[in-house]
Amino acid sequence: QVQLVESGGGLVQPGGSLRLSCAASGSIFSINAMGWYRQAPGKQRELVAAFTSGGSTNYADSVKGRFTISRDNAKNTVYLQMNSLKPEDTAVYFCNADMTPAPWPRVRRNYWGQGTQVTVSS
């Protein structure tokens, strides 16, 4: 069964750094796009950073210059390096991927991880 497993969340002081990891596991035929979203209390889920199906990257304006998304294709893993964290970055961060499982009928679909809490507070 294909799934996404996140790790790396926690509590950090303003100005600090965290690195999130998301590994896609299971029998995977292809990963078309992969990235990170977040949802703060009382707010809608929003894109943070992602690799598109064409291989380019998208970032939310609020994190440009502070967050960096990277990936290890051999491990089916994406990372989110978060620097200069602010209290407004506090949210549950979700990994998202557009993947095609290897077993037939190989239906391409969107997957979500379980989420990891990031809290920025002094």
Side-chain angles (χ1 to χ4, degrees):
Q1 183 175 353
V2 174
Q3 61 180 349
L4 299 173
V5 179
E6 302 124 331
S7 61
L11 172 65
V12 64
Q13 292 186 342
S17 298
L18 281 175
R19 190 174 87 147
L20 305 182
S21 299
C22 172
S25 64
S27 184
I28 299 168
F29 177 72
S30 65
I31 299 177
N32 308 298
M34 199 166 180
W36 293 92
Y37 287 70
R38 67 185 180 187
Q39 188 167 18
K43 294 188 176 181
Q44 289 188 329
R45 193 171 297 189
E46 62 176 0
L47 172 71
V48 178
F51 287 102
T52 69
S53 57
S56 61
T57 54
N58 286 333
Y59 289 93
D61 288 343
S62 59
V63 307
K64 286 180 180 177
R66 300 188 298 122
F67 292 10
T68 302
I69 190 170
S70 61
R71 62 186 173 184
D72 184 334
N73 291 331
K75 296 181 179 180
N76 289 335
T77 299
V78 292
Y79 305 95
L80 185 67
Q81 178 66 43
M82 304 185 293
N83 299 328
S84 302
L85 281 160
K86 304 175 181 180
E88 50 263 44
D89 294 318
T90 295
V92 178
Y93 284 69
F94 295 91
C95 183
N96 176 268
D98 182 344
M99 299 189 289
T100 302
W104 291 100
R106 290 189 176 175
V107 176
R108 176 176 171 177
R109 53 157 287 198
N110 197 252
Y111 293 81
W112 290 94
Q114 80 283 359
T116 185
Q117 177 70 45
V118 171
T119 302
V120 185
S121 175
S122 56

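What you are looking at is a predicted structure, and each value in this text was computed from that prediction instead of being measured.
- Residue Ser25 holds its OG atom at 4.0 Å from CD of Gln3, rounded to the nearest 0.5 Å.
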Atom pairs and distances, side-chain donor-acceptor, residues 80-87, under 3.5 Å, sequence neighbours left out:
from: Gln81; atom 1: NE2; to: Asn83; atom 2: OD1; distance (Å): 2.9
from: Asn83; atom 1: OD1; to: Ser17; atom 2: OG; distance (Å): 2.9

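- With hydrophobic clusters built from ILVMFWY side chains whose heavy atoms lie under 4.5 angstrom apart, Val120 does not share a cluster with Val92.
- Ile31 is not listed as a side-chain neighbour of Phe51, based on a closest heavy-atom distance of 4.5 Å or more.
- Residue pairs that meet the side-chain hydrogen bond (donor to acceptor under 3.5 Å, both in side chains) test with at least one member in residues 53-62, sequence neighbours left out, are Arg38-Ser62, Thr52-Ser56, Asp61-Lys64.
- Listed here is the closest heavy atom pair of Met34 and Cys95: CE-SG, 4.1 Å.
- Tyr37 pairs by the ring pair (Phe, Tyr, Trp, His ring centres under 6.0 Å) definition with Trp112, not counting sequence neighbours.
- Considering all non-hydrogen atoms of both residues, Ile28 and Asn76 come closest at CD1-ND2, 3.9 Å.
- Between Asn32 and Ser30, the shortest heavy-atom distance links the atoms OD1-OG, 3.6 Å.
- Across all their heavy atoms, Pro101 and Arg106 have their closest contact at O-CG, 3.3 Å.
- A distance of 10.0 Å separates CG in Leu4 from OG1 in Thr77, rounded to the nearest 0.5 Å.
- When all heavy atoms are compared, the tightest approach of Pro14 to Ser122 is CD-N, 3.6 Å.
- At a threshold of 4.5 Å between non-hydrogen side-chain atoms, the residues Arg45 and Phe94 count as touching.
- For the side-chain contact (heavy atoms from CB on, under 4.5 Å) test with Tyr79, the passing option among Leu20, Ile69, Asp72, Thr68 is Asp72; the others fail.
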*Go through Ser121 and Leu11 one step at a time and tell me if the side chain to side chain contact (heavy atoms under 4.5 Å, CB included) criterion holds.*
CA-CA 7 Å; Ser121 175; Leu11 172 65; 4.2 Å; yes

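- Arg109 is not listed as a side-chain neighbour of Val2, based on a closest heavy-atom distance of 4.5 Å or more.
- Counted within 6.0 Å of CD on Gln44, heavy atoms from surrounding residues, nucleotides or ligands total 12 or fewer; the atom is thus considered open.
- In this structure, the side chain of Gln117 does not engage the main chain of Gly9 through any donor-acceptor pair within 3.5 Å.
- The minimum heavy-atom distance linking Trp36 with Cys22 is given by the pair CZ2-CB, 3.5 Å.
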